Amino acid sequence: MSESSDLRVAVIGAGPGGYAAAFLAADLGMKVTLIDPELNPGGVCLYRGCIPSKALLHIAKLIDESRHAKNWGILFSDPTIDLAQLRAWKETVVRKLTGGLGQLSRQRKVEYVQGRAAFETSNMLRISRAGGAEETVTFDRIIIATGSRPAEIPSLHLDSPRVLDSTSALDLSDVPGTLLVIGGGYIGLELGTVYAALGSRVSVVEMLPGLLPGADRDLVLPLHKRVEKIFDSILLNTTVAAMKEEGGGIRVTFDGPDVKERERIFDKVLISVGRKPNSDIPGLNKTRVQVDPRGFIQVNKQLQTDDPSIYAIGDVVGEPMLAHKASHEGRTAVEAIAGHKVAFEPNAIPAVVFTDPEIAWAGVTESQAQKENREIKIAKFPWGASGRAMTLDRTEGMTKLIVDPKSERVLGVGIVGVGAGELIAEGVLAIEMGATAQDIALSIHPHPTLSETIMEAAEVFFGTSTHVYRPKR
Ligand SMILES: Cc1cc2nc3c(=O)[nH]c(=O)nc-3n(C[C@H](O)[C@H](O)[C@H](O)COP(=O)(O)OP(=O)(O)OC[C@H]3O[C@@H](n4cnc5c(N)ncnc54)[C@H](O)[C@@H]3O)c2cc1C
């Protein structure tokens, strides 16, 4: 890449957005400096997000399956949990992955600086190294990839080790007898699932009338039914009005029309009420970068800010705050810097909730289409009719396609069930490739797999699914 090979590029923040951008920039021949406080690249996703949470969710699933196995005539005794070893295993996973990213940086000759960056001008950064040294360096382009951090509720602020956020919850310092999760979003439900499997009595409080507010209700229902069994209580339409440390716990006061017990004491409370963009970067006001009222840095489709030298990607530029969105934005920004004709305008950014069952969706959701008065046709395939689901004893799932009735193009896919997070990738490909329901119905899917549910949902669209009988009208 001759035109970009002389460019000096700095990337601030080495999460999945920042390191993907830095690596591609190096591959395109740019001279790259990647700055982050951690020893190696990885960011929130690898150190205190996606990866440690999924490692622990894997364990939770294993424990849950072992208990469920009694239905199949296999009786395991209750697990003995060695928390120190579990923690060590999770940390090994993180160390291996982040170490691998460090190695990939070195192989690509990316200059990785452990430290923090502040703006001096639009093209100059003050870099404070972890060891204390400071330097100012000039760059042709700067990519901001500073991510996000857990949002707080100022009125509920309590300086107590009994109050956790997602980071401290993943540290797994102990397994509290009782845990209240404030917030029924995906992070709260995932971490609640982990603690419930390890033995905590978990309650979830959500101010809205349902869990996972962004997802279609029919996808959430099977999950709700299952978590009702593993959680102590799910309090909807309820807010936490106050929290107070008291004796050996936190006294929580609830408020809302459905509240039966106004006060309860929990051993620990996990606050997971969303995330806040890290746009409060020192010196950002010395540039022309604009930040919107919610704290997101404003960018165009090339991820360029209002300051032509500065690009921004990932959680710091907006929803959905997901690792794969960050990486793709990072790659788009670098291509734009390299002078390629690119834009970040995906038709489908998949979202996965790694609970049990998993929920995954991509493209247009049914509720979004309804809100926009968009004409759509829904085709649902219930997993009760799936041979594979039956062999797994997990028939509560459902696969649905959201289809444009005129062109028969697949606009969206929603799945609830075990492995939904893996299955949704086919939906993303179908949407991005402009596949029609017939394309999916005619693609031979392997038997017996859960992927057949996508093919059969397409057959349902035509009223001809092999395993769903529809009486003739
Ligand atoms: C518990 C949990 C589970 C999650 N699970 C998933 C999941 O399963 N799938 C998924 O897609 N997403 C998941 N996420 C979200 C995902 O972690 C984020 O969307 C993703 O990490 C965003 O990437 P990013 O590159 O924008 O920034 P981040 O990963 O947030 O990284 C930003 C980095 O920039 C650094 N930084 C900030 N300021 C400066 C500065 N001034 N100088 C230098 N460095 C700076 C930060 O320290 C950080 O290391 C999860 C998040 C959490 C908390």
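Everything numeric in this text was worked out from a predicted model, so none of it was measured. Whatever order the structure lists ligands and atoms in, that order sets their numbers, starting from 1.
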Problem set entry | Backbone of Ala14 reached by a side-chain donor or acceptor of Tyr112 within 3.5 Å | no

For this session: Examine Arg116 against ligand 1 and note whether any of their N/O atoms are separated by less than 3.5 Å.
Result: yes

For this session: Could you list which atoms of ligand 1 come closer than 4.0 Å to a heavy atom of Ala145?
Result: 32 (C), 33 (C), 34 (O)

Exercise. Which atoms of ligand 1 sit under 4.0 Å from any heavy atom of Gly15?
Worked result: 25 (O), 29 (O), 31 (O)

Exercise. Judging by distance only, is a nitrogen or oxygen of Leu322 under 3.5 angstrom from one on ligand 1?
Worked result: yes

Exercise. Distance from Leu180 atom CG to Arg162 atom CZ, nearest 0.5 Å?
Worked result: 13.5 Å

Problem set entry | Side chains of Gln298 and Asp292, donor plus acceptor under 3.5 Å | no

Exercise. With the threshold set at 4.0 Å, does a side-chain nitrogen-carboxylate oxygen contact exist between Asp165 and Arg149?
Worked result: no

Exercise. Does a donor on one side chain sit under 3.5 Å from an acceptor on the other, for Asn278 and Ser148?
Worked result: no

Problem set entry | Short N or O distance, Ala117 and ligand 1, threshold 3.5 Å exclusive | yes

Seminar exercise, completed: The closest protein heavy-atom partner of atom 19 (O) of ligand 1 is Asp315 OD1, 2.9 Å

For this session: Check whether any N or O atom of Glu38, backbone or side chain, sits under 3.5 Å from an N or O atom of ligand 1, and answer yes or no.
Result: no

Problem set entry | Taking atom 44 (N) of ligand 1 as the reference point, the nearest protein heavy atom with its distance | Pro37 CD, 3.4 Å

Seminar exercise, completed: Within 4.0 Å of some non-hydrogen atom of Gly115, the atoms of ligand 1 are 43 (C)

For this session: May I ask whether Lys54 places a heavy atom under 4.0 Å from ligand 1?
Result: yes

For this session: Run down the list Asp165, Asp36, Ile12 and name the one with the heavy atom closest to atom 49 (O) of ligand 1.
Result: Asp36

For this session: Evaluate whether atom CE of Met207 has more than 12 neighbouring non-hydrogen atoms of other residues, nucleotides or ligands under 6.0 angstrom away.
Result: no

For this session: Using distance alone, with no hydrogens and no angle criterion, decide if Asp216 and Ser367 have a side-chain donor and acceptor under 3.5 Å apart.
Result: yes

Exercise. Where the closest heavy atom to atom 23 (O) of ligand 1 is concerned, which of Ser279, Gly147, Gly314, Pro16 has it?
Worked result: Pro16

Exercise. Quick one: does Arg149 get within less than 4.0 Å of ligand 1, heavy atoms only?
Worked result: no

Exercise. Is Ala323 close to ligand 1, meaning an N/O of one under 3.5 Å from an N/O of the other?
Worked result: yes

Problem set entry | Side chain, backbone, both or neither: the part of Phe354 lying under 4.0 Å from ligand 1 by heavy atom | side chain

Seminar exercise, completed: Numbered in order shown, the ligand 1 atoms found under 4.0 Å of a heavy atom of Gly17 are 25 (O)

Problem set entry | Nitrogen or oxygen atoms of Val44 and ligand 1 under 3.5 Å apart | yes

Problem set entry | Atom indices of ligand 1 within 4.0 angstrom of His324 heavy atoms, with elements | 11 (O)

Exercise. Does Cys50 approach ligand 1 within less than 4.0 angstrom via side chain, backbone, both or neither, non-hydrogen atoms only?
Worked result: both

Problem set entry | Residue, atom name and distance, where the atom is the protein heavy atom closest to atom 15 (C) of ligand 1 | Tyr186 OH, 3.6 Å

Seminar exercise, completed: In this structure, CD1 of Ile281 is separated from CD1 of Ile297 (nearest 0.5 Å) by 4.5 Å

Exercise. Atom 34 (O) of ligand 1: which protein heavy atom is closest, and how many Å away?
Worked result: Gly13 CA, 3.1 Å

Problem set entry | Electrostatic pair Asp174:Lys268 at N-O distance under 4.0 angstrom | yes

For this session: Please state whether Ala169 comes within less than 4.0 angstrom of ligand 1, counting heavy atoms only.
Result: no

For this session: Could you check whether the rings of Phe266 and Phe254 sit parallel, tilted or perpendicular, using 30° and 60° as the cut-offs?
Result: perpendicular

For this session: State plainly whether the residues Arg129 and Glu111 are in salt-bridge range, i.e. N to O under 4.0 Å.
Result: yes

Exercise. Side chains of Ser203 and Ser233: donor-acceptor distance under 3.5 Å anywhere?
Worked result: yes

Problem set entry | Contact atoms of ligand 1, heavy-atom distance to Ser53 under 4.0 Å | 3 (C)

For this session: Identify, by atom number and element, the atoms of ligand 1 in contact range of Cys45, meaning under 4.0 Å from any of its heavy atoms.
Result: 17 (O), 21 (O), 29 (O)

Exercise. For atom NE2 of His324, is the number of surrounding heavy atoms from other residues, nucleotides or ligands below 6.0 Å larger than 12?
Worked result: yes

Seminar exercise, completed: ligand 1 to Ile35, heavy atom cutoff 4.0 Å, flagged ligand atoms 43 (C), 44 (N)

For this session: Have a look at ligand 1 and work out which part of Ile187, if any, has a heavy atom under 4.0 Å from it: side chain, backbone, both or neither.
Result: side chain

Problem set entry | Tyr47 heavy atom under 4.0 Å from ligand 1 | no

Exercise. Strictly under 4.0 Å, does any heavy atom of Met321 approach an atom of ligand 1?
Worked result: yes

Problem set entry | Nearest non-hydrogen protein atom, atom 3 (C) of ligand 1 | Gly49 C, 3.4 Å

For this session: Can you establish whether the number of heavy atoms outside Glu422 located under 6.0 Å from its atom CD is more than 12?
Result: no

Problem set entry | Any N/O pair Arg275/ligand 1 closer than 3.5 Å | no

For this session: Please say whether Pro282 places an N or O atom under 3.5 Å from an N or O atom belonging to ligand 1.
Result: no

Seminar exercise, completed: In this structure, OG1 of Thr305 is separated from CZ of Arg288 (nearest 0.5 Å) by 9.0 Å

For this session: Of the side chain and backbone of Ser148, name the one, both, or neither that has a heavy atom under 4.0 Å from an atom of ligand 1.
Result: backbone

For this session: Decide yes or no on side chain to side chain contact (heavy atoms under 4.5 Å, CB included) for Lys400 and Ile415, but give the supporting numbers first.
Result: CA-CA 6 Å; Lys400 77 169 166 180; Ile415 307 174; over 6 Å; no

Exercise. CD of Glu372: more than 12 outside heavy atoms within 6.0 angstrom?
Worked result: yes

Exercise. Any chance CZ of Arg331 has more than 12 other-residue heavy atoms, nucleotides or ligands included, within less than 6.0 Å?
Worked result: no

